[in-house]
Amino acid sequence: VELAQVQYEQEGKGISDASNGASCMMQLNLRERKKVIDQASGVVLTSSNTLKENGDKDDGAAEKLVGTKDTPEVKFTSTDTQNGDAKIEIEKIAFVGMGKEELMKFANDPFWVRLRWFLFILFWLLWVAMLAGAVAIIVMAPKCAAPAPLKWWEQGPLYKIFLPAFKDGSDPQDGIGDLKGLESKLKYIESLGVKGISLSGILKTSSEKEESVEDFKLVNSTYGTLDQFKNLLTTLKEKGIQLLLSFVPNHTGNNHDWFIKSEQNDSVYRITTCGHLISEEGTSWTWSEVRKSFYLHQFLPDTPDLNFANSKVVDEFKSMFEFWIKLGVSGFELDKVEYLLEDRNLQDEVPAASTGTIHDEYDYYSHKKTTNLPGMIDILAEWRNAIRNYSSDAILSVAGKLSSDLFIENEDISQVADLFQTNTIFLHLKKDFTATDLNQLIQKYLNNHNKTRPVWQLSGFNSSRVTTRLSPDYVDGLHMVSMLLPGTPVTRYGEELGMEDAPDSHHPLMSWSNTTNAGFTTSFKAKYPTSSNYDIANVEAEEILSPSNLEVYKALVEARKAPSIMYGQTEYKELNNGTVFAFTRVKSGNPGYLVMLNTANVNIAVNLKEFKQVSEELNVQLHLHTEDEAAKTLKSKLQSDGVILPPKGALVVTFVPKQEEE
């Protein structure tokens, strides 16, 4: 290295002298400069090789991890900016470190070997411990309790069928709906997505009236046979559809074996002694020539009341429940349960405060001695427990005019029945109802029934249908409300189509097509009349028409599967001065749902800022299809500060819920 430095300095000096004697200034060109730098660098790069070539012994220094020899450092400096002279300085930097042999001494030392193994094992032990701790935290940390899975009857909806008017399937057809006819239409029922059927009474009766039951364990031959009913149940189970059997337990027909034995003075079936009670058809008492005494009937003389104060009567019904459940029935819908008990002392009814009636009319009296007596609750609870013992999936549903006091005063009312089909709020709506009217009815019902699962039905068994009672414009809108509110919706057959009543009848034939008798039967004489609008509101037409009431209904059934609908919290609002009814359904971590119904006869621009969790962008899921321009131009995405609802229009949208401000 020193030799190269001396040689370079001599060459540099010669160049400098030559340049001083020249007439023109010469500068070291760039190529020469580079050559000088490369030569200087080569000294460093090949220094070890040069030493070897000069005969120095290789003592292993080149293989040391850190060299013990002095390593040169080359620096380039320019001392003369005019002549371009360059100067290279090579400095020596001393490094001190261990050689390979020294390192191997420590590597093989038993102490260091043990220390390395100790640290290695300690590292993995700590890693495994941290991993186990993380897993333990995940597993043992408290979690938000997952909501209990909903039962089939909570998922809903239930489809209510009046069998004599649903479908004639007999051969030859006789104009009366039956079990074979129902089975032939199960594909349609399955397409609706309903979870269960509530089937009208099919028990053997003494007359054409389904309430005059002659035997609680036999099928009325007008509708089919017990074997046909078994086949129907099997097919329903295969399709995942449950069936509730409906009947009135309060009374039997006068040809029932129990009544016959009571007239024969059998002590077990003895008739109750006389009191002054008024039935819906006048006096509540009829003379029995056989028994030589009066018997009680709160309805017709051929439907004598049962005495449920006798525990043996209660037990007889338990036996009947067990019989049908073993056949495959998923529960029972009991109607008119408010009449089960009468005053034990058979005290007279007292006049009600209402006017316009006389003493031999039903509404003249208060009926506090014959309806909604407290003991009725105990009987229903006993029956429900028996039904659950026979099948954990079977339920008890009750219908009738139950007093609201029963729901308010009884803390354990939810143990009495699974469903209470007593909600008549939609029957109180008038044609010009407002959002305020609707909201007040809903809130009143929810407040009075806050201990039981809500049940929503647009019309009752003997009431007028929505299309007739209100307007065809409200069919989809009220379905959106009733289907997406918290609770279980119940749909009366044909309401999914927007069927109207028949003239002078609330039980029109199910409208299957626009042919004779609405496709119900080929018989010339059907037992019930057709719906007033069967020519346009029928299954055949609406299955191929889009949009249609049927299409909206099916979409709503599908929407019910969303977690926000099944488990979400609900917030209600009356917007735009009581013209728009709206509510949200929100479950954390899931898309929220917003339902709006415009009760006005004009377009309404709605700002949804009152809903704190509703985001700016809304995704349209369903809307009411009308000829109004606002409905025709409705986009798939809307802004929450300017939603246009057409007259009587309804809308279902989803949104990403915003976090509520604390």
Subject >> Pair D418 + R453, salt bridge at N-O below 4.0 Å >> reply: no
Original post:
Do any N or O atoms from the side chain of W153 and from the backbone of T488 form a donor-acceptor pair under 3.5 angstrom?
Top reply: no
**OP:** Evaluate side chain to side chain donor-acceptor pair (under 3.5 Å) for E496 paired with T491, printing each intermediate quantity in order.
**Re:** CA-CA 7 Å; E496 72 278 11; T491 302; over 6 Å; no
Original post:
Taking the side chain as C-beta and beyond, is there a heavy-atom pair between Y593 and V652 under 4.5 Å?
Top reply: yes
Original post:
Where do L597 and L478 land on the side-chain contact (heavy atoms from CB on, under 4.5 Å) test, with the steps shown first?
Top reply: CA-CA 8 Å; L597 173 64; L478 290 179; 4.0 Å; yes
Original post:
Are any side-chain N or O atoms of R388 and backbone N or O atoms of A394, one a donor and one an acceptor, separated by less than 3.5 Å?
Top reply: yes
Subject >> Under 3.5 Å donor-acceptor, Q415 side chain and A381 backbone >> reply: no
Original post:
For Q443 and N439, does a side-chain donor sit closer than 3.5 Å to a side-chain acceptor?
Top reply: yes
Subject >> Gap separating the OG atom of S636 from the NE2 atom of H623, nearest 0.5 angstrom >> reply: 10.0 Å
**OP:** Keeping the roles fixed (side chain from K451, backbone from F407), state whether a donor-acceptor pair exists under 3.5 Å.
**Re:** yes
**OP:** State whether the side chain of T234 and the backbone N or O of K230 hold a donor-acceptor pair below 3.5 Å, judged by distance alone.
**Re:** yes
Original post:
Would you say the side-chain atoms of S330 and K237 include a donor-acceptor pair closer than 3.5 Å?
Top reply: yes
Original post:
Ignoring hydrogens and geometry, is there a side-chain-to-backbone donor-acceptor pair from S564 to P591 under 3.5 Å?
Top reply: yes
Original post:
Does atom NZ of K444 have more than 12 heavy-atom neighbours, drawn from other residues, nucleotides or ligands, at distances under 6.0 Å?
Top reply: no
Original post:
Do you know the tightest heavy-atom contact between A605 and I644?
Top reply: CB-CD1, 3.5 Å
**OP:** Spell out, as yes or no, whether a donor-acceptor pair under 3.5 Å connects the side chain of R585 to the backbone of I565.
**Re:** yes
Subject >> E558 and K554 ion-paired at < 4.0 Å >> reply: no
Original post:
Donor-acceptor pair, N576 side chain versus V606 backbone, under 3.5 Å?
Top reply: no
**OP:** Work out which heavy atom in V614 is nearest to a heavy atom in S640; give both atom names and the distance.
**Re:** CG1-CB, 4.2 Å
Original post:
Can you name the nearest heavy-atom pair linking V557 to G193, along with the distance?
Top reply: CG1-O, 3.4 Å
Original post:
How far apart are the closest heavy atoms of D315 and E382, and which atoms are they?
Top reply: OD1-OE2, 4.0 Å
**OP:** Can you establish whether the number of heavy atoms outside Q639 located under 6.0 Å from its atom CD is more than 12?
**Re:** yes
**OP:** Apply the test side-chain contact (heavy atoms from CB on, under 4.5 Å) to residues I442 and W456: give CA-CA distance (whole Å), side-chain angles for both, the deciding distance (0.1 Å), then the verdict.
**Re:** CA-CA 10 Å; I442 290 175; W456 311 99; 3.9 Å; yes
**OP:** Show the numbers, then the answer: is there a side-chain contact (heavy atoms from CB on, under 4.5 Å) between L550 and L192?
**Re:** CA-CA 9 Å; L550 180 60; L192 296 178; 3.6 Å; yes
**OP:** Rounded to the nearest 0.5 Å, what's the gap from CG on N231 to CG on L236? Could you check?
**Re:** 11.0 Å
**OP:** Taking the side chain as every heavy atom from C-beta outward, state whether L419 and L158 have any atom pair closer than 4.5 Å.
**Re:** yes
Original post:
Which value, rounded to the nearest 0.5 Å, describes the distance between L458 atom CG and I425 atom CD1?
Top reply: 9.5 Å
Original post:
After noting the C-alpha distance and the side-chain angles of N448 and I408, does the key distance pass the side-chain contact (heavy atoms from CB on, under 4.5 Å) rule?
Top reply: CA-CA 6 Å; N448 291 341; I408 297 173; 3.9 Å; yes
**OP:** Find out whether L446 and Y572 are in side-chain contact, i.e. whether some heavy atom of one side chain is under 4.5 Å from a heavy atom of the other.
**Re:** yes
Original post:
What orientation do F581 and F583 show, parallel under 30°, tilted 30 to 60°, or perpendicular over 60°?
Top reply: tilted
Subject >> Salt bridge present between K160 and E333 (N-O < 4.0 angstrom) >> reply: yes
Subject >> Interatomic distance, L556 atom CG to E551 atom CD [nearest 0.5 angstrom] >> reply: 10.5 Å
Original post:
When you look at T235 and E183, which way does the side chain to side chain donor-acceptor pair (under 3.5 Å) test go after all the steps?
Top reply: CA-CA 8 Å; T235 307; E183 187 169 6; 3.2 Å; yes
Original post:
Which heavy atom of F655 sits nearest a heavy atom of Q613, and at what distance?
Top reply: CE1-O, 3.4 Å
**OP:** Could you tell me whether the side chain of L638 reaches within less than 4.5 Å of the side chain of L651, counting heavy atoms only?
**Re:** yes
Subject >> CG on L232 to CG on L199, rounded to 0.5 Å >> reply: 7.5 Å
Original post:
NZ/K239 to CD/E190 distance, rounded to the nearest 0.5 angstrom?
Top reply: 4.0 Å
Subject >> Over 12 non-hydrogen atoms of neighbours within 6.0 angstrom of NZ in K151 >> reply: no
Subject >> Over all atoms of both residues, closest heavy-atom pair of K609 and N607 >> reply: N-OD1, 3.0 Å
